[in-house]
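Note that this is a predicted model, so its numbers are computed, not measured. Whatever order the structure lists them in is the order used to number ligands and atoms, beginning at 1.
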Amino acid sequence: TANGTRQHQWTINDFEVGAPLGRGRFGHVYCVREKKSKYIVALKAIIKDQISTPRLAKQLISEISIQSRLKHPNILRLYGFFHDDQRIFLLLEYAPGGELYRRMQKEKILRESEAAGYVYQLCNALSYLHSKQIIHRDIKPENILIGVYGILKLADFGWSAERTETNKRTTLCGTLDYLAPEMLNGSGYDEKIDLWCLGVFTYEMIVGKPPFDSQTQQDTIRLIRTNELSFPQAASNHARDLISQLIRRNPSERMPLNEVIQHQWIIENANMKAIDENYEKINKST
Ligand SMILES: CC(=O)N[C@H]1CCN(c2c(Cl)cnc3[nH]c(-c4cn(C)nc4C)nc23)C1
């Protein structure tokens with residue numbers, strides 16, 4: 001590799017393949033164990049033929065090059081990759097807690113203490129990404145996994161983009177529910193788009209559905225444009241305040257990440273001490 005350390009050339013025979021974990025964007029993900037170290041990892045197998053357009057190839061290369069450089073407790077690690085004639089394999093960190101999406105489907109709504117803990121960790125992950133000029137752009141429950149000690153793991157960098165001048169594109173990506181207004185009016189976007197998605201994600205965790213959920217895509221788009229936010233009785237005032245400071249049509253009015261983690265709702269609900277202790281625990285073991 002670049003820093004001179006010899007990157008081990010893996011082959012599929014180095015691994016014992018276990019349970020299928022699900023489908024990522026390009027292919028299947030399996031829980032596997034590396035034979036010598038007995039290390040458990042998630043192996044994403046991508047069929048080369050499915051990477052049928054230069055755009056998909058660019059997206060995959062971007063996912064690999066971005067995620068392999070990232071080392072943060074709240075970002076799913078990409079340890080390495082290899083290929084045979086049919087497939088490309090990504091060696092990803094295994095998250096034993098599975099997808100947050102499934103937990104939200106089962107629980108319908110999350111307690112505000114659990115939701116605030118995830119928001120605090122997502123702020124840490126996004127601050128790290130933004131400090132590296134990387135915009136995730138696709139924050140949503142489907143791309144969030146739960147690691148050891150219940151630690152949040154942001155995954156699936158298929159849509160993230162490095163914020164360069166040319167990247168102020170208006171490519172549409174992600175579900176419409178999470179689409180920010182600047183993506184609709186084609187005015188280009190920057191990292192504040194992740195703040196919008198953070199607001200939508202927070203809302204969905206404590207309300208049980210995204211804020212602009214509608215029968216048709218047109219209605220969703222209309223609601224995003226008019227930005228009507230309504231909350232059920234159960235949502236606390238602090239939660240309403242934080243969410244309405246993130247779901248702002250004007251990107252520059254969205255609350256910056258360093259203020260989000262000092263918001264009353266986070267201070268009162270997220271167990272930051274326990275989360276920081278968990279960071280310590282995994283820093284020791286990695
Ligand atoms: C967007 C995306 O990549 N989706 C999923 C597919 C499985 N995958 C996993 C990845 Cl990439 C890493 N770790 C995982 N752990 C699990 C999982 C654990 N349980 C108990 N149940 C599941 C499921 N899944 C993964 C990511």
Side-chain angles (χ1 to χ4, degrees), residues 10 12 14-34 37-48 50-51 56 59-83 87-107 110 114 118 121-122 125-126 129 134-161 172-179 194 197-198 200-201 204-205 210 278 282 285-286:
W10 298 107
I12 189 65
D14 291 323
F15 301 93
E16 282 156 354
V17 179
L21 293 171
R23 284 184 59 76
R25 186 179 308 282
F26 293 113
H28 288 79
V29 184
Y30 299 90
C31 183
V32 305
R33 186 170 72 167
E34 199 276 318
S37 65
K38 304 244 182 294
Y39 212 73
I40 302 278
V41 292
L43 190 68
K44 192 186 247 186
I46 297 157
I47 313 289
K48 284 184 180 174
Q50 281 187 345
I51 308 292
L56 279 176
Q59 216 172 303
L60 179 61
I61 291 166
S62 133
E63 175 179 353
I64 293 174
S65 74
I66 287 177
Q67 208 171 346
S68 54
R69 277 184 282 142
L70 303 175
K71 291 180 179 43
H72 186 279
N74 295 121
I75 294 178
L76 198 77
R77 284 295 309 283
L78 171 62
Y79 299 120
F81 57 96
F82 58 97
H83 65 97
R87 297 163 294 182
I88 298 163
F89 297 97
L90 305 185
L91 283 168
L92 292 158
E93 175 181 358
Y94 172 66
E99 297 171 299
L100 179 59
Y101 179 65
R102 295 223 181 292
R103 178 164 169 67
M104 288 167 68
Q105 273 182 325
K106 191 166 129 266
E107 303 291 327
L110 300 184
E114 183 178 354
Y118 291 142
Q121 295 177 76
L122 205 43
L126 290 174
L129 289 176
I134 294 167
I135 311 169
H136 190 278
R137 291 194 309 176
D138 202 11
I139 305 293
K140 58 184 181 188
E142 294 83 337
N143 290 338
I144 291 175
L145 294 161
I146 308 294
V148 288
Y149 313 121
I151 287 192
L152 175 140
K153 299 281 178 182
L154 186 53
D156 203 341
F157 284 81
W159 289 102
S160 43
L172 281 194
C173 61
T175 57
L176 283 186
D177 282 319
Y178 279 69
L179 208 57
D194 287 335
C197 296
L198 180 64
V200 174
F201 172 62
E204 182 170 3
M205 279 195 287
N278 285 337
I282 55 176
S285 61
T286 43

*What pairs of residues pass the salt bridge (Lys or Arg N to Asp or Glu O under 4.0 Å) test when at least one of them lies in residues 143-153, not counting sequence neighbours?*
Glu93-Lys153
*asked:* Tell me whether ligand 1 is touched by Ala155 - counting only heavy atoms on the residue side and a distance under 4.0 Å.
replied: no
*From atom 17 (C) of ligand 1, work out which of Gly97, Pro20, Gly147, Gly98 has a heavy atom at the shortest distance.*
Gly98
*asked:* My understanding is that only residues two or more places apart in sequence, or in another chain, count here; which of them pass side-chain hydrogen bond (donor to acceptor under 3.5 Å, both in side chains) with Asn74?
replied: Gln121, Tyr279
*asked:* Counting only heavy atoms closer than 4.0 Å, does ligand 1 sit against the backbone of Glu142, its side chain, both, or neither?
replied: backbone
*Keeping the roles fixed (side chain from Glu142, backbone from Tyr101), state whether a donor-acceptor pair exists under 3.5 Å.*
no
*Evaluate whether atom NE2 of His83 has more than 12 neighbouring non-hydrogen atoms of other residues, nucleotides or ligands under 6.0 angstrom away.*
no
*Assign the ring pair Phe15 / Phe82 to parallel, tilted or perpendicular, where the plane angle (0 to 90°) is split at 30° and 60°.*
parallel
*asked:* Within the 4.0 Å heavy-atom shell around Leu76, which atoms of ligand 1 are there?
replied: 11 (Cl)
*Flag Ala95 as yes when one of its N or O atoms lies below 3.5 Å from any N or O atom of ligand 1, and as no otherwise.*
yes
*How does Leu92 reach ligand 1, if at all, at less than 4.0 Å between non-hydrogen atoms: by side chain, backbone, both, or neither?*
side chain
*Please confirm whether Arg102 comes under 4.0 Å of ligand 1, counting heavy atoms of the residue only.*
no
*Report yes if some heavy atom in the side chain of Val32 is under 4.5 Å from a heavy atom in the side chain of Ile12; otherwise report no.*
no
